[in-house]
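Worksheet for the structure shown next.
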Protein chains: 2
Amino acid sequence: MEYMYNELLKTSGLSVTQQRLSILNALSNFNQPATIEQLAQTIDIHINTSTIYRSLRVLVDAGIVYQTDFRDGVSYFEFQEDHHHHVVCTSCGKQERIDVCIGTHVPKIEKSTGYTITNHMLEFFGLCKNCS
Amino acid sequence: MEYMYNELLKTSGLSVTQQRLSILNALSNFNQPATIEQLAQTIDIHINTSTIYRSLRVLVDAGIVYQTDFRDGVSYFEFQEDHHHHVVCTSCGKQERIDVCIGTHVPKIEKSTGYTITNHMLEFFGLCKNCS
DNA sequence: TATATATTTGCGAAATATTTGCAAGTTATT
DNA sequence: AATAACTTGCAAATATTTCGCAAATATATA
């Protein structure tokens, strides 16, 4: 497991540090997007908050971690490989997973813009059954 | 023009206030997502910043305004009806428009989740040609 | 049209997430 | 083994966004 993350970092050209390994390990304990605060509570060693922020940015930019936003003022993070999207109720905040895939658009966009796309962000907002 | 926004608010069941009309009017001067700060500079009357935040939230929740996030710490706003998505370079920050439509997925998601979807957020991230 | 009710605004202050600079510590390279 | 490159911890700063409350404005009712 640890070894896996080790390879993951190296393959992306990133330095392998204990902090990054621990962050990845903590991420694997969530099956939904986690906030920085939630991650900090789960990480097995003490890591300074700034470091968590900096590490996550690097991991997101490398396409290893998925970052998203539910319009509640905090960033959420999830493993890229099993990331998924949500509908969020703008009234009560309730979230529900959906299995909409947007990945098929990526090659087309890369071709038309010349960008190398490492990740994306997709969330739907509206009113849930109760709040409607 | 003013009258149009008037109707727009009423149709959504929102109160018509001078502040909201001015915000909508300011929004129409941008053809790309604008920050709160950019909007404040463009609005023709003085509106307190808190009010801009509150008004935009209401307008977004009503599906009139599109809100998005480029991972730079600020929220961006655009008219919902002519909103579009982007690729953002995670190195230099450069943005480019794309014309990917996600609207077709909405009815399917509404059916499967029971939510009434008013808007969504979609942005792609990666490296631009220069930064690759 | 006048009155009552509901909603919105302004103001200042507070909360809170996130970023920065720099020295020390770690990791990668030669 | 030594040098260079990168990452981390710490504390403080930055900046966006939210909150409470009284006054103002908008909508609904009579």
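Letters A, B, ... are given to chains in the order of the sequence lines, protein chains preceding strands, and every chain is numbered from 1.
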Does Tyr5(B) have Arg20(B) sitting over its ring (NZ/CZ under 6.0 Å from centre, angle to axis within 45°)? no
Around Arg57(A), counting heavy atoms of other residues, nucleotides and ligands shown, do more than 12 lie under 6.0 Å from its CZ? no
Ser75(A) near the nucleic acid: base, sugar-phosphate alone, or nothing, with a heavy-atom cut-off under 4.0 Å? sugar-phosphate
Distances under 3.5 Å between nitrogen or oxygen atoms of protein and nucleotides 24-29 of chain D:
from	atom 1	to	atom 2	distance (Å)
dT27(D)	OP1	Val16(B)	N	2.8

Nearest to side-chain heavy atoms of Arg20(B), which nucleotide of dT9(C), dC10(D), dT17(D): dT9(C)
Within the structure shown, what part of the strands sits under 4.0 Å from Arg54(B) by heavy-atom distance: base, sugar-phosphate, or nothing? base
Mind checking if Arg57(A) touches a base, just sugar-phosphate, or nothing, with heavy atoms under 4.0 Å? sugar-phosphate
Note: for Thr51(A) and Asp72(A) on DNA chain D, the residue whose nearest nucleotide lies more 5' is Thr51(A)
Side chains of Tyr76(A) and His86(A): any donor to acceptor distance under 3.5 Å? no
Is there, by distance only and without an angle test, a donor paired with an acceptor across the side chain of Ser50(B) and the base of dG12(C) below 3.5 Å? yes
Less than 4.5 Å apart, side chain to side chain, heavy atoms only: is that true for Tyr66(B) and Asp82(B)? no
How long is the line joining CG of Leu21(B) and P of dT9(C), in whole Å? 10 Å
